[in-house]
Amino acid sequence: MLITEEEVPQDIFLGDLNGAQYQAVTASAQRLLVLAGAGSGKTRVLVQRIAYLLTQCGVLPHQLLAVTFTNKAASEMRHRIEKIVGNSSARLWVGTFHGLSHRILRTNAARANLPENFQIIDADDQLRLIKRLIQERGWDDEVCDPKRAMGFINRHKDEGKRANALGISSVPEVAMFTELYRLYEQHCQRTAVVDFAEILLRAYELWRDCPDVLTQYQQRFKHILVDEFQDTNTIQYAWLKLLCGTESNMMIVGDDDQSIYGWRGAKIENIHRFHKDFTDVVTIRLEQNYRSTSTILAAANALISNNASRLGKELWTQGIQGEKLTLYGAFNEIDEARFIVERIRQWCHGGGSFEDIAILYRSNAQSRVLEQALRQANIAYRVYGGLRFFDRAEIKDVLAYLRLLVNLNDDTAFERVINLPPRGVGERTLASIREIAKEKQISLWVAAKSYLPTIPLGRISNGLRQFFECVEDMLTQVNMLALSELMQYVLQKSGLFIYVKTQPGERTQARIENLHELVQAAGQFSNSHDEMYEQTSTHSSETLPSFLSEVALDAGDRDTEDGVCIKLMTLHSAKGLEFPLVFLTGMEDGLFPHHRCFHDRALLEEERRLCYVGLTRAMRKLYLTYAEKRAFAGLSGANRPSRFIDEIPTPLTESVNLNAKMPLPTSPAKRRTSPDALEDDFPFQLGQRVKHQRFGEGVILSGDGAGETARVQVNFAKEGKKWLVLAYAKLEPVEQ
DNA sequence: AACCATCGACTTTTT
DNA sequence: GTCGATGGTT
């Protein structure tokens with residue numbers, strides 16, 4: 001019943017691009033800036049341009065580099081390119097900044113001053129390591145807050161600054177963090193691990209310090225295309241600038257109004273710097289929106305116009321005006337959830353599907369109440385952005401063993417598994433081992449080995465010895481077993497599997513399943529690895545290191561299609577997505593915009609951009625809800641509606657129930673769905689002849705609902721009786 | 001060394 | 001309200 005226009009096969013026929021899109025796809029300018037508004041066909045332009053370069057301009061696949069921020073975006077782009085140009089896309093580089101940098105570091109490890117077997121640590125490992133270093137240095141956690149220290153280190157790496165470049169600060173805390181930064185650098189180098197920020201910084205430094213390596217890449221990549229450019233940070237910009245040099249072509253695509261990662265170091269100013277650093281930049285604006293109703297766009301445009309210093313851009317559409325935004329002031333957060341459930345039902349009653357719907361919120365904690373309400377109402381839902389697959393504890397435990405097999409000096413991995421499953425090696429023993437490691441500047445593994453003969457026989461020495469035997473035995477298997485077999489072997493031999501199985505708790509079953517999935521993932525990895533290199537890997541000495549890298553750089557939350565369900569996520573994770581029906585919840589001053597942003601204009605503007613992102617996710621219908629009272633973080637507070645609501649012109653909105661003090665047993669909304677009569681503004685009459693694109697001509701038999709959920713029953717000459725949602729069906733009246 | 005209870009903190013999170 | 005870290009107890 002629902003026909004989406006998206007099914008139309010992609011080709012490089014350029015006629016169905018609009019003027020601006022066509023310009024962007026075919027521009028010959030060496031430096032191209034595409035300001036792509038929400039829903040303006042940004043990805044399409046990127047993909048088409050690549051196809052255009054390959055097929056029309058004689059550019060070879062290996063001369064192209066497309067950079068994105070997420071693996072998801074990268075793989076989507078790759079698939080769409082493949083659809084058009086086929087397997088000649090194999091030599092094309094499409095990837096994330098991190099993925100590409102990692103690849104460059106692997107091929108040039110020695111030149112980058114990295115051991116061949118270096119491994120990647122994630123944020124969690126990084127924090128553990130920093131904590132340990134703080135302890136070792138003899139500082140107090142209270143004085144030297146590990147999280148802030150980590151922020152300090154990462155911030156500086158993102159800015160391209162090494163500890164040595166920081167100088168000596170007279171501010172004690174800065175001096176302390178700087179020293180820790182230096183210790184951290186040394187430790188990572190010694191144990192051959194790199195964190196996320198390091199991957200980028202190293203790749204940048206490699207190019208900066210080895211002109212021959214840089215030249216090689218510069219000569220290869222004639223065309224560089226960058227997606228979501230507004231999210232680039234200082235080091236990523238420097239990376240691009242260096243790689244591009246003076247000869248290569250670069251197209252950057254972005255939207256300053258959707259920059260929502262400033263707090264992570266993203267610099268909108270990079271768009272201005274692009275203008276300054278490169279001459280003759282041609283700017284193209286994609287402002288025609290193919291996603292939302294004109295009402296939704298008007299609201300979004302009005303909101304974002306409150307931000308100063310924009311590059312300037314106004315979305316417009318040829319599409320329908322659609323329904324007004326609905327504003328609901330709930331009594332409390334439970335009432336808010338109740339209202340949402342009711343409107344979800346209404347949508348579905350009108351022929352809509354759960355799949356159309358997203359509920360967005362500012363912070364993850366807000367999902368709980370919503371989930372409760374949805375569960376009670378028996379509505380299938382999925383919460384996005386929770387713990388990612390490879391971040392799960394049981395997964396990371398197995399991976400830590402595997403990491404040790406690649407590099408025995410990986411202290412982070414050692415710490416994780418030395419007493420897992422528990423084998424009697426506790427905090428005390430570990431402290432002694434750390435002490436030795438610190439004194440002799442050796443890894444924990446080596447330190448523990450030298451420590452073992454010095455302790456009396458007993459529980460501790462048994463545990464340690466057992467650990468060594470276990471890991472060394474696994475080590476001999478690396479050259480014998482395929483990756484997934486090795487993983488199973490590790491699970492058995494370490495005792496992890498039994499341990500997980502026998503641990504009490506509700507999550508046991510899920511954990512076991514996760515472990516099975518990991519083994520499966522390993523099998524899949526070796527298969528695709530073999531395909532790529534046209535070989536059969538009988539052992540994992542080769543596949544294991546690449547598997548670990550891949551896993552570290554990929555969250556692994558593949559889009560598992562788990563049925564028809566509504567989606568719950570933060571505004572941040574909604575960026576880039578679209579949904580017919582969107583609920584923007586918790587629209588309260590203090591929550592959104594967050595109270596921590598009140599005092600700072602720049603922060604407040606980022607919140608406003610976040611709101612803009614939220615509004616522009618909606619295709620057909622948008623609800624904004626807030627709760628006058630909300631229990632949050634254990635305490636309840638009274639809230640004013642978000643200032644962002646005030647920034648949306650009132651003619652674009654309709655308020656429901658704004659003065660309700662109690663949840664009403666029957667809300668006015670229920671009455672609107674009554675099927676007994678067609679509403680006044682219903683665009684069709686009973687008995688009217690209509691024409692449908694696919695079903696042909698027919699007669700309206702009946703109808704119900706209103707506005708976006710309005711639907712009609714049509715008796716088609718060929719297809720018989722069908723219910724159609726007016727918003728989708730694009731029925732045309734037939735003159736009689 | 002392992003376990004349990006109490007305390008406190010609490011935006012957002014592509015890699 | 002819930003998670004994680006910490007500290008005291010067994």
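Numbered from 1 within each chain, the chains take letters A, B, ... in sequence-line order.
- Taking the nucleotide of DNA chain B with the nearest heavy atom to each of A:S573 and A:P422, the more 5' of the two is matched to A:P422.
- Residue A:D195 is classed as having no contact, given no heavy-atom separation below 4.0 Å to the nucleic acid.
- Across B:dT13 and C:dG4, the matching P atoms stand 16 Å from one another, rounded to whole Å.
- The base of B:dT13 does not come close enough to the side chain of A:R388 for any donor and acceptor atom to sit less than 3.5 Å apart.
- Using a 4.5 Å heavy-atom threshold, the side chains of A:K575 and A:D231 count as touching.
- Side chain of A:N307 to backbone of A:E605: a donor-acceptor contact under 3.5 angstrom is found.
- In this structure, the nucleotide among B:dT13, B:dA1, B:dT15 sitting nearest to the side chain of A:N71 is B:dT15.
- In this structure, the CD atom of A:Q372 is 8 Å from the P atom of C:dT2, given to the nearest Å.
- Checked by atom type and distance alone, the side chain of A:R609 pairs as donor or acceptor with a backbone atom of A:S259 at under 3.5 Å.
- Taking every side-chain heavy atom of A:F196 into account, B:dT15 is the closest of B:dT13, B:dT15, C:dG1.
- Ranking B:dT14, B:dT15, B:dT13 by closeness to the A:F69 side chain, first place goes to B:dT14.
- Contact annotation for A:E607: base contact, defined as any heavy-atom pair under 4.0 Å involving a base atom.
- Closest to the side chain of A:R264, out of B:dT12, B:dT15, B:dA2, is B:dT15.
- Across the protein-nucleic acid pair, A:K157 atom NZ and B:dT15 atom C1' stand 13 Å apart, rounded to whole Å.
- Rounding to whole angstrom units, CD of residue A:E333 and P of C:dG1 are separated by 11 Å.
- A residue-by-residue look at A:R423 and A:T570 shows that A:R423 has its nearest nucleotide of DNA chain B further toward the 5' end.
- When the C1' atom is used for both C:dC3 and B:dT14, the distance is 24 Å, rounded to whole Å.
- Between A:T625 and the options A:E333, A:E336, A:E588, a side chain to side chain donor-acceptor pair (under 3.5 Å) holds for only A:E336.
- Residue contacts shown for A:D122 are absent, as no nucleic acid heavy atom lies under 4.0 Å away.
- Residue A:I199 contributes atom CD1, which lies 15 Å from atom P of B:dT14 at whole-angstrom precision.
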Next on the checklist: The test is side chain to side chain donor-acceptor pair (under 3.5 Å); show your working for A:N154 and A:Q126 and say whether it passes.
Outcome noted: CA-CA 10 Å; A:N154 287 340; A:Q126 188 186 20; 2.8 Å; yes
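- Checked against B:dA1, B:dT14, B:dT13, the side chain of A:T429 finds its nearest nucleotide in B:dA1.
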Next on the checklist: I'd like to know whether A:V253 forms a side chain to side chain contact (heavy atoms under 4.5 Å, CB included) with A:F229, so could you lay out the CA-CA distance, the side-chain angles of the two residues, the decisive distance to 0.1 Å, and finally the verdict.
Outcome noted: CA-CA 6 Å; A:V253 181; A:F229 186 82; over 6 Å; no
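- Comparing B:dT14, C:dG1, C:dA5 against the side chain of A:K131 picks out C:dA5 as the nearest.
- Of the listed nucleotides (B:dA1, B:dT14, B:dT12), B:dT14 has the atom at the smallest distance from the side chain of A:Y261.
- Both stacking criteria are satisfied for A:W263 over the base of B:dT12: a centre-to-centre distance under 5.5 angstrom and an angle between ring planes under 30 degrees.
- Rounded to a whole Å, the CG atom of A:L553 is 9 Å from the P atom of B:dT15.
- Between the P atom of B:dA9 and the NE2 atom of A:H595 lies a distance of 14 Å, rounded to the nearest Å.
- Across all strands, A:F97 comes closer than 4.0 Å to no nucleic acid atom at all (heavy-atom distances).
- Distances shorter than 4.0 Å separate none of the side-chain N or O atoms of A:N154 from OP1 or OP2 on B:dT13.
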Next on the checklist: Test side chain to side chain donor-acceptor pair (under 3.5 Å) on A:S549 and A:R106; report intermediate values, then the result.
Outcome noted: CA-CA 10 Å; A:S549 301; A:R106 283 276 170 221; 2.9 Å; yes
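- The distance between atom CG of A:D145 and atom P of C:dA5, rounded to the nearest whole Å, is 13 Å.
- Nucleic acid contact class of A:T68 (heavy atoms, under 4.0 Å, all strands): none.
- We find that CG of A:N364 is positioned 8 Å from C1' of B:dT12, with the value rounded to whole Å.
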